[in-house]
Amino acid sequence: MASISSRRLAKELMEIKNDGCPVGINLVKADDFSTWWFTIQVMGESLYKNEQFTLQFRFDPQYPISSPAVQFVVTDGKEAPVHPHVYSNGHICASILGNEWSPVLSVIAVCVTLQSMLASCKEKQRPIDNDRYIKHAPENPKKTRFHYDDDT
Amino acid sequence: MESKNSIQKLMSDIQDPSDFESPGLRSLDTALRCSICAELFDGPVSLKCGHCFCSLCIREALQQKQECPACREDDVSEGHLRRNTVMEEAVAAWKQSRPYILLLLARDKQREGNSSRPSKKRRLNEYSNDVDTRLSSESEIAEVLNDRGAHSEELVDCPACHKPVKHQKINQHLDNDCQDEPEPGRSTKYQWDHILGSKSQLGKSANKKGKERSVLPTSSYVAGAAWFNRASSEEKDSPLPKKSYDTLKDKTIKEFLREHDLSTAGDRKTLVARHQRWVIIYNANLDKSLKGRKSLNGLRRELNEWETQQKSKTKHDVTDSAAYQMKNKSEFDKLVEAARPKKFVSSSASSTTKPPTNNLVTTPRRQRSKTEREAPPENAIVVYSDEEK
């Protein structure tokens, strides 16, 4: 009997393969149930026109009770979007990845939320504490306790 | 980690709403699934906001966060969970008819295929003709479906006691500790014993009220006694209360565990985790209909499996330290990198950068976790860099 997390992820993957991803989001690689990669683009008019980013999802055996570890990939020439909630090491300050995670959310739901987070961005800039954060940031963004002060 | 092969296997035997092409059936299948585990509801319960989940799923979720996962209604707790018996029946009926509907749909599709391209898929045609001639009525199809696991009547050797047991019955047999119980219905005495609870499964914990009631004269007031005893057997089935472990001594927690024949091995943290998990799976089991419930032994086995899984997750024994260093080189490098400027700052007391401790207090956007706050001391990191060389 496969674990609940594997079964749930298998179902999500099945849905992605049958119905495809929402516009602007593409599955890059999902060979196991521990790490998946997606590309994400912002459609229409936005500050990120013609830019493409890569998102990495890491799952633990408690998924979906515990949230996945989500970050932008910043290796192999890839870069994190310049955004007030995205640190240059790829870590993302978004409440749904932390204390507002809910087990009914899914990988695709997270992708869509991040896509709309980018789409609604008004000014391309790094978080004010970017340099300080990346100096001490843990490898896994889930280990950071973010303080969510912006409700946009 | 699972290999690619096993993933493909899992993907192929997973059932989900996409098995159906028609949007109506697809949404029906979706509606009968828990939004946490995406399986058909297992012991469905409703919260007061009306959202429904498997009992085990929502209990796990509430342990993390006291809110409805679907609507974030935050005034919820395990005490608010109510069995959703109608949903349970709907799921049972759907489970029964799902394969039948899929079979009919597959036949339909083949027939369409037959008329347009008669030469293709010959083997499938033969199969569908076979189905057509052999199965004239619905009940026959249902029978075939039930027998599809053709080996259900086959005898297999029990892995524990090596007695031959029907494949169908093997789980039940194991749950009963290899003691074959008489089929309910075979002996009225057994039924009465069962109702009267003389084989009290909960042992000491059966409450006194229930005991008093069961001494009622059964011979003269058979009907009345049966009524009372049903009431008492339901009381016996009341959920286990949650404990506030912080106020309990190790000894008391061990007593709780012993009450349910659970292991008392391990440190306090393990004991608490074990008892917490037991309360969850025990209570979730009670949210199922009587015939869907697992035996206490079955639950104990589940608890053991869960513990092994937990252990394998938390234990990261480093067996080959050289390989471990190679694997985590980038991480070590990062740590070394992070340590160097700090060392520099602290020695030169530069005024341009605040000391790290100050940083943490004034950081506006994030707070670091406790373990991080006890920042890796310089000397620890120096040790890492030494090891690297």
Select one option (side chain, backbone, both, neither) describing which atoms of [X] are under 4.5 Å from chain A's heavy atoms.
| X | result |
| --- | --- |
| B:Glu60 | both |
| B:Cys57 | backbone |
| B:Gln15 | backbone |

(request) Indicate whether the side chain of B:Ser18 and that of B:Asp16 have a donor and an acceptor atom separated by less than 3.5 Å. (result)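 Yes, because at least one side-chain N or O of B:Ser18 sits under 3.5 Å from a partner of the opposite role on B:Asp16.
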(message) Quick check for you: among B:Gln63, B:Gln64, B:Lys65, which has the greatest number of heavy-atom pairs under 4.5 Å with chain A?
(response)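 With the most close heavy-atom pairs to chain A, the winner is B:Lys65.
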(message) Heavy-atom pairs under 4.5 Å with chain A - which of B:Cys68, B:Cys37, B:Pro69 has more of them than the others?
(response)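 Option with the greatest count: B:Pro69.
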(message) Between A:Ser106, A:Ser66, A:Ala10, who has the most heavy-atom pairs with chain B when the cutoff is under 4.5 Å?
(response) A:Ala10
(message) Please classify the contact between A:Leu13 and chain B as side chain, backbone, both or neither, with a heavy-atom cut-off of under 4.5 Å.
(response)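 Contact with chain B is through both the backbone and side chain of A:Leu13.
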(message) With a 4.5 angstrom heavy-atom cut-off, is it the side chain or the backbone of A:Glu100 that approaches chain B, or both, or neither?
(response) both
(request) Could you walk me through whether A:Asp19 and B:Arg26 pass salt bridge (charged side-chain N to carboxylate O under 4.0 Å, His left out), step by step? (result) CA-CA 13 Å; A:Asp19 304 342; B:Arg26 200 181 263 212; 3.4 Å; yes
(request) For this output row, return yes or no: ring centroids of A:Trp37 and A:Phe53 closer than 6.0 angstrom. (result) no
(message) Ring centroids only, cut at 6.0 angstrom: are A:Phe59 and A:Trp36 within range, meaning strictly under it?
(response) yes
(request) Considering only NZ, NE, NH1 and NH2 on the basic side and carboxylate oxygens on the acidic side, decide whether B:Asp29 and B:Arg33 come within less than 4.0 Å. (result) yes
(request) Classify the ring geometry between A:Tyr133 and A:Tyr87 as parallel (under 30°), tilted (30 to 60°) or perpendicular (over 60°). (result)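 Ring orientation of A:Tyr133 relative to A:Tyr87: tilted.
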